[in-house]
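Positions are given from 1 along the sequence. Side chains included, hydrogens not; waters and symmetry mates left out as well; all remaining heavy atoms used.
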Amino acid sequence: MTHREASFEFDPARPADYKPLEAYGVIGDGRTAVLAGADGSIDWACLPDFDRPSVFGALLDPAAGAFSIRPRQAFRATQRYERGTNVLVTDFETATGEVRLRDFMPYTSRRVPTAEIYRRLEGVRGAMDLAVAFEPRFDYGRVAAALEPHAEGVLARAPQGETIALVTDVPLEAEGGVARGSVRVEGGSEVSFVADWGARRVHPIGSYQFDRRLWQTRTFWRSWVEGLTYHGRYRDAVERSLLTLKLLIYEPTGAIVAAPTTSLPEWIGGARNWDYRYSWVRDSNFILRALFQAHLIDEGATYFDWLLGQVMDEGPLQVMYGIRGERSLPERELPLRGYRDSRPVRIGNGADGQFQLDIYGALLDAALRYDRQGGVLSLNEWEALVGLAEQVRSRWREPDAGIWEARCEPRHYTYSKVWAWVAMTRAAELGQQMGTDAPVDAWRSEAEAIRADVLERGWSDELGSFVQAYGSPHLDASLLVMPTVGFLRADDPRYQGTLRACRAGLGVDGSPLLFRYHSEDGVGGPEGAFLLPSFWAVEARALAGDAAGARTELHALMRYMSPLGLYAEEVEPETGAMLGNMPQGFSHLGLVNAIFRMEEIKRMSEGW
C-alpha cells in the first residue's frame with residue numbers, strides 16, 4: 001500500500017491555528033468518532049453521539065476547545081494504528097528523547113450514552129517534557145466550561161448541566177476555562193489520562209482499569225477484522241477502510257454516517273461546507289455491496305434493517321436521515337471561523353427535503369443484495385418496497401436535485417434516470433423472487449422505457465458522451481457508475497466515449513483525479529477533485545478487460561491516502577491536500593468496491 005510521508009514537524013514556539021487534514025487520525029466507540037492530530041491535540045469530539053454539539057471543536061475554530069498533550073520543544077510526530085485495530089499511536093521525537101502517545105475509545109454497543117477517551121504517554125528513550133491543556137468548550141465552542149479542580153484531575157461543567165472530567169495523576173491548574181499541567185516522561189515510564197463525558201465526579205485514574213480497557217479494545221477490533229476473508233495484495237488498504245467504516249456506524253440503531261465531521265471545506269476559503277453526520281439513503285447500495293463482499297454480514301444486515309425501518313415509517317422516502325431516524329435536519333450556521341477560515345460553518349443539512357430520484361434505485365438494489373445474502377423480507381416490508389417502486393414508475397419523468405444535491409432548479413439528471421432504471425430492474429427481480437402479485441412485467445417494461453429515454457436524451461453526439469442532464473452541454477463524472485450498476489457494458493463505445501470525455505473535460509493532467517462537474521449548481525465557488533468517480537473509473541477499466549491499467553490507476557489513487565490510510569471526500573489537485581469532511585465513507589467504499597471488483601474479475605479469468 002502506498003502512503004504519503006508519515007511524519008510531521010511541529011514547533012510549540014510557532015503554533016499554527018490549523019493542521020492539514022492528513023495529520024489527523026480517528027478513533028471511536030460505536031456512538032461517535034474523535035479526531036486526534038499528529039501534534040497530540042484532540043480537535044474534534046462530539047460527545048456522546050456523532051450529531052451532538054462539539055466539546056472539542058478546534059478543527060473548526062482554534063477557540064472552540066481542544067485537549068492537547070504535546071512536547072514543549074520542537075518535535076517530529078509520526079502516526080500509525082496498531083495493526084488490525086483503531087488504537088491510534090503517535091510517536092513524538094525531540095532532541096532529548098522519544099515518547100509514545102496511545103489513544104483509543106473503548107468500543108461499546110450499549111444504548112446508554114457514554115464516552116471515554118483514553119490517552120497514555122509511554123517513555124521510549126531519553127526524557128521529554130510535555131504540556132497538557134484541557135479546554136472543553138460546549139455547544140460548538142460557544143459555551144466556556146466552569147472547571148472544578150480535584151486531586152485526581154478536573155471536572156468541567158456547562159451551564160446546561162453537561163459535564164466532562166479529565167482524570168490523571170498529573171497535577172493540573174485551572175484558570176480561564178483551561179486546565180494546564182506539565183509532565184516529564186522518561187524511558188520506561190507511563191502516564192495515563194481519561195476524558196470521561198458525563199462524569200458526575202472525578203474518580204481515581206486507577207478505577208478506569210486502563211490496561212484492561214486497552215486489552216478489551218484491541219481484542220474487539222482484531223476479532224472483528226478477522227471476519228474479513230479477503231487476503232489479496234491490497235489487504236492492508238481494505239482492512240483499514242473497513243475499520244474506518246466500522247467507526248462510522250452508530251451502534252444503537254445501525255445507521256451509518258457519511259463522515260463524523262461537519263463543514264470541512266471542499267475548497268479552502270469556499271462556501272461548500274456541509275454537515276455529513278447523517279445517513280444518506282444513496283450510500284446504501286455501496287455500503288451493502290462492500291460489507292457483504294467482505295463477509296461482514298451482521299453490519300450489513302443491521303444497517304439495512306434500520307433502513308427498512310425508515311421505509312416503513314410514515315412519510316415519503318428522504319434523501320437522508322438522522323442517526324436515530326430523524327427526518328427534520330434544519331440547516332443553520334454557527335459563528336465559528338471555520339477550518340482555515342472557510343465559512344459558513346453549517347450544522348444540519350438543507351438537502352433533507354430535496355427530491356432525488358436516484359435514492360430509490362440505491363435502496364431497491366440494496367434490498368436485492370440483502371435478499372441474495374439470505375436476508376428475509378417480510379410481506380409488510382415488501383409492500384413498502386413495492387410502494388417505492390411504484391413511485392419511481394410514476395415519477396421518473398420528473399426533474400430532481402440529482403446526486404450532488406444541486407441548490408438550483410431541478411433538472412432531468414442523466415444519473416438519476418439511470419438509477420430509476422436500476423429501481424425498476426431490481427424491483428422486478430425481487431418481485432419474481434418474492435412470488436407475489438407485484439407488477440413485475442410493468443416494471444420491466446418501464447425499465448426498457450427509461451433505458452431508451454437515457455440513450456436518446458442523455459446522449460450528446462457533439463460531445464460523444466452522455467451528459468449531466470437532458471439537453472445540457474455539461475459533463476458529469478457520476479455517469480462513470482453506469483457499468484457498475486449494469487446499465488451499459490464497460491466496453492460499450494458509448495461508455496468509453498463518456499469516459500474519454502470526462503477525462504478530457506473533468507480530469508487532472510497526469511493523474512486519475514476527476515472533478516464532479518463544472519456546471520452551475522446554485523452554490524458557487526470552486527471545489528476539489530472528488531474521489532469516488534475515480535474509483536468507479538478503476539472498476540470500469542477492470543470490467544473492460546484492462547486489469548493492468550486498473551491497477552495502475554488504483555495505485556495512483558492510493559497515494560492520496562493520509563499516512564494512516566484515511567481518505568477525505570476530495571483532493572486539492574495541485575498539492576494533493578485533503579479537502580472535505582473526513583474520514584469520508586464514500587471514498588473508502590469506492591476503494592473497497594474497486595478492489596473487490598478487480599479481485600472478482602481476476603478469479604473469473606483464472607477459472608476459480
### Query
Can you tell me if Asp39 and Ser41 form a side-chain donor-acceptor pair at under 3.5 Å?
no

### Query
Does the side chain of Tyr24 come within less than 4.5 Å of Leu564's, by heavy atoms?
no

### Message
Ignoring hydrogens and geometry beyond distance, is a side-chain donor-acceptor pair present between Asn349 and Tyr276 at under 3.5 Å?
### Response
no

### Query
Taking the six-membered ring of Phe466, is the NZ or CZ of Arg494 close enough (under 6.0 Å from the centre) and on axis enough (within 45°)?
no

#### Entry: Side chains of Gln468 and Asp521 in contact at under 4.5 Å (non-hydrogen atoms)
no

### Query
Do side-chain atoms of Arg343 reach the backbone of Arg337 as a donor and acceptor pair under 3.5 angstrom?
yes

### Task
Would you check if the distance from the ring center of Trp280 to the ring center of Phe286 is below 6.0 Å?
no

### Query
Is a salt bridge present between Arg369 and Asp365, judged by a nitrogen-to-oxygen distance below 4.0 Å?
yes

### Query
Are any of the side-chain heavy atoms of His588 and Gln584 separated by less than 4.5 Å?
no

### Query
Do NZ/NE/NH1/NH2 and the carboxylate oxygens of Glu405 and Arg407 come within less than 4.0 Å?
no

### Query
Judged by atom type as modelled, is there a donor-acceptor pair below 3.5 Å linking the side chain of Asp400 to the main-chain atoms of Leu357?
yes

### Query
Checking salt bridge (charged side-chain N to carboxylate O under 4.0 Å, His left out) for the pair Glu572/Arg340: CA distance, chi angles, key distance, verdict?
CA-CA 14 Å; Glu572 203 287 309; Arg340 293 179 60 185; over 6 Å; no

### Task
Tell me, please, which residues at least two apart from Glu239 pass salt bridge (Lys or Arg N to Asp or Glu O under 4.0 Å).
Arg235

### Query
Counting heavy atoms not belonging to Arg489, are there more than 12 under 6.0 Å from its CZ?
no

### Query
Does any N or O in the side chain of Ser342 come within less than 3.5 Å of the main-chain N or O of Ile268, such that one atom is a donor and the other an acceptor?
no

### Query
So which heavy atom on Pro483 is nearest to which on Tyr495, and how close?
CD-CE1, 3.2 Å

### Query
Short question: side chain of Trp221, backbone of Leu243 - any donor-acceptor pair under 3.5 Å?
no

### Task
Carefully, step by step, assess Asp546 and Arg541 under the rule salt bridge (charged side-chain N to carboxylate O under 4.0 Å, His left out).
CA-CA 5 Å; Asp546 184 6; Arg541 196 158 187 173; 2.7 Å; yes

### Message
Keeping Arg426 on the side-chain end and Ala362 on the backbone end, is there a donor-acceptor pair under 3.5 Å?
### Response
no

### Message
Looking only at the aromatic ring of each residue, does the gap between the centers of His555 and Tyr234 stay below 6.0 angstrom?
### Response
yes

### Task
Evaluate the side-chain proximity of Tyr517 to His474: yes if any heavy-atom separation is below 4.5 Å, no if none is.
no

### Message
Under a 3.5 Å cutoff, is there a donor and acceptor pairing between the side chains of Glu251 and Tyr107?
### Response
yes

### Query
Are the aromatic rings of Tyr567 and Phe535 close, with centres under 6.0 Å apart?
yes

### Message
Using only atom types and a distance under 3.5 Å, with no angle test, would you say the side chain of Tyr339 pairs donor to acceptor with the backbone of Lys19?
### Response
yes

### Query
Is there a donor-acceptor pair closer than 3.5 Å between any side-chain N or O of Thr253 and the backbone N or O of Arg324?
no

### Query
So does Arg277 pair up with Asp49, basic N to acidic O under 4.0 Å?
no

### Message
Check this for me: does any side-chain nitrogen of one of Asp275 and Arg346 sit under 4.0 Å from a carboxylate oxygen of the other?
### Response
no

#### Entry: Cation-pi, Trp404 ring and Arg516 (6.0 angstrom, 45 degrees)
yes

### Task
Please check if the side chain of Glu22 supplies one atom and the backbone of Met578 the other of a donor-acceptor pair under 3.5 Å.
yes

### Query
Do Tyr250 side-chain atoms and Tyr278 backbone N/O form a donor-acceptor pair below 3.5 Å?
no

### Message
For Ala548, is there any backbone N or O sitting under 3.5 Å from a side-chain donor or acceptor partner on Thr552?
### Response
yes

### Query
Are Leu245 and Ile256 close enough that some pair of their side-chain heavy atoms sits under 4.5 Å apart?
no

### Message
For a 4.5 angstrom cut-off between non-hydrogen side-chain atoms, does Leu59 reach Leu264?
### Response
yes

### Message
Less than 3.5 Å apart, any donor N or O on the side chain of Asp91 or Thr78 sitting next to an acceptor on the other?
### Response
no

### Task
Decide, yes or no, whether a salt bridge links Arg597 with Glu600 under the criterion of side-chain N to carboxylate O below 4.0 Å.
yes

